[in-house]
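Note sheet for the following structure.
In listed order, ligands and their atoms are each counted from 1. For the numbers below, each heavy atom of this structure counts, side chains included, while hydrogens, waters and symmetry mates do not.
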Amino acid sequence: MVLVVEDEAALSDVVQAYLAKAGYATAGARSGLEAVERVRALSPDVIILDLGLPDLDGLEVLRRIRAFSDCYVLITTARSEEVDRLVGLSVGADDYLTKPFSVRELVARVHAVLRRPRVESGIASSGTVLTFGALEIDATAQEVRLAGRPLPLTPIERGLLMTLSHSPGQAFSRRQLMEIVWGDSWVGDDHLVDVHIANLRRKLDETAEYPRFVITVRGIGYRMGKG
Ligand code: CA
């Protein structure tokens with residue numbers, strides 16, 4: 001899923017149409033605050049972020065997003081002289097495009113960042129591979145494999161699984177998981193955790209009724225199962 005953060009409606013529509021044609025699911029946000037909310041709700045793989053937004057500056061948006069997400073970010077800006085400065089600042093973006101840009105070029109850049117190996121600041125960084133039955137969690141490679149097959153997890157799903165698996169005896173409350181995975185700046189509905197756990201379970205090929213890996217602990221939250 002690609003989130004297009006752009007206040008010019010016509011440009012946002014064209015970009016989303018091209019991305020859709022290239023096979024990507026898309027969503028749009030017209031302001032900085034909406035962008036932060038949508039990243040939390042949708043966990044996109046890539047964000048195309050316009051720096052000139054009506055409410056927050058794009059860099060402030062990026063700072064807020066980076067508190068809880070390690071998704072790819074491609075910055076677009078009308079200020080060409082800005083790009084060198086941003087690259088020097090290492091603001092945490094993966095690529096930059098100067099406006100006006102060719103939409104075809106933008107789609108090519110999205111393909112390219114998704115192929116790039118990710119060096120993450122990971123939640124867990126132990127060098128070991130943890131094994132729970134058929135599930136392998138490789139914190140160094142930030143990869144999760146089920147029966148040898150890599151699972152395409154979102155950063156939030158991976159964060160939840162990394163957190164649970166690194167303290168397998170411990171039950172975590174929803175609030176604890178939010179603080180660890182989303183960052184302590186987040187105040188909101190604990191049930192967002194349940195939504196992401198449900199998605200994670202689907203990818204792990206298990207249900208809440210018959211869990212192998214993510215066990216519900218009544219009255220508390222979740223803990224890791226033996227697999
Ligand atoms: Ca703009």
Side chain to side chain donor-acceptor pair (under 3.5 Å), that's the test. Do Asp13 and Tyr18 meet it? Break it down for me. CA-CA 9 Å; Asp13 288 349; Tyr18 267 76; over 6 Å; no
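Residues Glu37 and Arg64 are not paired through a salt bridge, judged by the lack of any N-O separation under 4.0 Å between the basic side chain and the carboxylate.
Taking backbone and side-chain atoms together, Asp50 has an N/O/S atom less than 3.0 Å away from the Ca ion (ligand 1). Within the coordination shell of the Ca ion (ligand 1), defined by N, O or S atoms under 3.0 Å, Asp7 is present. Taking 3.0 Å as the threshold, Pro54 does not count as a candidate ligand of the Ca ion (ligand 1), since none of its N, O or S atoms lies below it.
The only member of Ile48, Leu11, Val4 that meets side-chain contact (heavy atoms from CB on, under 4.5 Å) when paired with Thr76 is Ile48.
In this structure a side-chain-to-backbone donor-acceptor pair under 3.5 Å is present from Ser165 to Leu161.
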